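Input: a single structure, listed below in structure tokens.
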Amino acid sequence: MIGRRRLTRRAWPRIVALAAVTALVLLPFWWMLSLAFTPEGQSVSFIPEQPTVENFQIAVQAANLDTAFANSTIITVVAVATNCIVPVIAGYAFAHLPFRGSKPLFYVLLSTVAIPVSVTLIPLFLMARNFPLAGGNDLFGDGGSGLLDSVGGLMLPYLVGTMNIFLSRQYFAGMDRDFAEAARIDGASELRTFARIYLPMAKPLLALVAVFSFTGVWDDFLWPLVVSASERSTTVQLAITTFAASGNVRYGALMAATILVTLPVLVVFLFNQRGFIAGLSEGGIKG
Amino acid sequence: MGLLFVVPAALYVVIFQLGPVLYGLVLSFSSYSPISRSGPEFIGWDNYAAIFNDPQFGQAMLVTGRYVLQVLPVTVVIALGLAMLSNRAFRGVGLFRTGLYVPHVVSLTAVSMVWLWMYSDQGLVNQVLDFFGQSGQRWLTTEGGALNAVSVMRIWKALGSNMVLLLAGLQTVPKDLYEAARVDGANAWQQFRAVTLPGIRPMLTYVVVMDIIYLAQGFAEIFVLTQGGPYGTTTTVNYLIYTEAFQYNEMGSASAMAFVLFAFIAGLTIVALRAGQGRRS
């Protein structure tokens, strides 16, 4: 009892220090909220005196947010789906179904994690432009604009994350091989063994892959910036910057747009905090 | 059978990751503008020679180096402090960890928007200064201060993820080592030097390496906050590559810059890894 009380008393300075830093770190977000709800032309205060939602209305109309939300949603959903299948099944095979040359192949694939975005950016742009049979291109990729300025072009680099192959291999390597043996004796195919036995046990892995793919794709800025040429292929991150670039910046509406764009990620984060944080340290320790 | 499971992923990575690296390497030895009708023309080392004689590129390398070197130590030291503060179970500790992590979750573009306003003439920073009777400044448009303003934002953004990683590292340090150190009469600083630091060394190295990789590729924050200005004082290499390739259509020399940046990041990473290995006892 005494020991416990002494411990809590000693924890107070920590709590105060942490509370102070946390408040300071979150302060910009509070002002962002406050600014978004303050009528245009009024000065901003800690709590808006006459809160209004007109900034949100302006934001949705002015920044083409409806198209941006539709595009971002499509590319994110597709990328999450492909990333939960293709790299996961590859990681499983690298862990449980080794074949001749699987180890070197794994390391070759893994090495791409270290390549900076700027190195592949220009080639990927040119590949999207010369994509065969897309956007008026012929079979050899000449003539049209290819996948540029299209939703297909937007999703091109997101479909398989190398890091997900690595995470999946690590995850499945920690699982018992005996389940597969038993299934094989019962005559199940490899695909069935994976889909019916290992995949259901890999729910935490799938959650991690889904959450990181979601935020990675939703938040990306550079690729949409180079591949999108008009409003029809804009994304949410792009939409907020065009909004800011328009001469006299209306900060209230800009903050409203930023809040709307950030909300999906914040919701996913708040429901998956443990997954986020565990995922980070997972990659860290084993990487 | 295993091969069949791997083929789709491997094919994708080869076509859309490794292929582009080789393509980029070829481009870096070529002169190529996508607007012209003719394809890339091989010019040997000319692009590399040209960018090394280009004062703009030299400045961008210096800006990138300074950006990494001034953000990295500050953010790692503060994050380590926060990790040590929250490395104890007490009520509400999860709340602080979550709160501190929020800037990391929000996209770089979005947080840059928030700071764009904070640094603006009527923004929060000037309002606070005004409250204390100081005169406001134009944070993002002064030659000497713009990169520092961007750096402060990046330090703030990187704290949370670094803290969480270092916290995970701290929790792998065996508790009885502290007990033993205390019995030997080690004070708090000596315990930190002899137990904590060696214990978290692998994670600390990982954090530093990841920070270097991300910081050296700074782009969205520059695009939103300063557009590389004033007078190129915030033009990072990545920003320069973007303008060279997509505004001036010089795909060849932009590719050469990308490979020099790649080498720069690889070099810094190797230095960090070496330092992280340290002396083994």
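Keep in mind that what you see is a predicted model, and the values were worked out from it rather than measured. Sequence lines set the chain letters: A, B, ... in the order given, protein chains first and strands last, and positions in each chain run from 1.
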Residue pair B:Gln17, A:Thr120: steps toward the side chain to side chain donor-acceptor pair (under 3.5 Å) verdict: CA-CA 7 Å; B:Gln17 286 279 333; A:Thr120 52; 5.3 Å; no
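For a residue to count as touching a neighbouring chain, one of its non-hydrogen atoms must lie under 4.5 Å from one of that chain's; by this rule A:Ile165 touches chain B with the side chain only. Contact annotation for B:Ile213: neither backbone nor side-chain heavy atoms come within less than 4.5 Å of a heavy atom of chain A. For B:Leu27, the part lying near chain A is the side chain, with the backbone staying farther off; criterion is any non-hydrogen pair under 4.5 Å. When heavy atoms are compared at a cutoff of 4.5 Å, B:Gln227 does not approach chain A at all. For A:Ile259, no part lies under 4.5 angstrom from a heavy atom of chain B. Within the 4.5 angstrom heavy-atom criterion, only side-chain atoms of A:Arg129, from C-beta onward, approach chain B. Heavy atoms closer than 4.5 Å to chain B are found in the side chain of A:Leu105, but not in its backbone. Heavy atoms closer than 4.5 Å to chain B are found in the side chain of A:Tyr92, but not in its backbone.
In summary, B:Lys157 and B:Glu221 do not engage in a salt bridge, as defined by a charged side-chain N under 4.0 Å from a carboxylate O.
Using modelled atom types and a 3.5 Å distance limit, the side chains of B:Tyr119 and B:Asn126 yield no donor-acceptor pair. B:Asp211 and B:Asn162 are linked by a side-chain donor-acceptor pair at a separation below 3.5 angstrom, with hydrogens and angles left out of the test. A:Gln237 and B:Ser107 share a side-chain donor-acceptor pair at under 3.5 Å. Checking A:Ser118 against B:Gln217 by side-chain atom types alone, no donor-acceptor pair falls below 3.5 Å.
Top candidate by heavy-atom pairs under 4.5 Å with chain A, chosen from B:Val102, B:Ile241, B:Val224, is B:Val102. The greatest number of non-hydrogen atom pairs below 4.5 Å with chain A, out of B:Tyr12, B:Trp156, B:Phe259, B:Tyr23, is found for B:Tyr12. Your options are A:Leu254, A:Leu222, A:Val261, and the one with the most heavy-atom pairs under 4.5 Å with chain B is A:Leu222.
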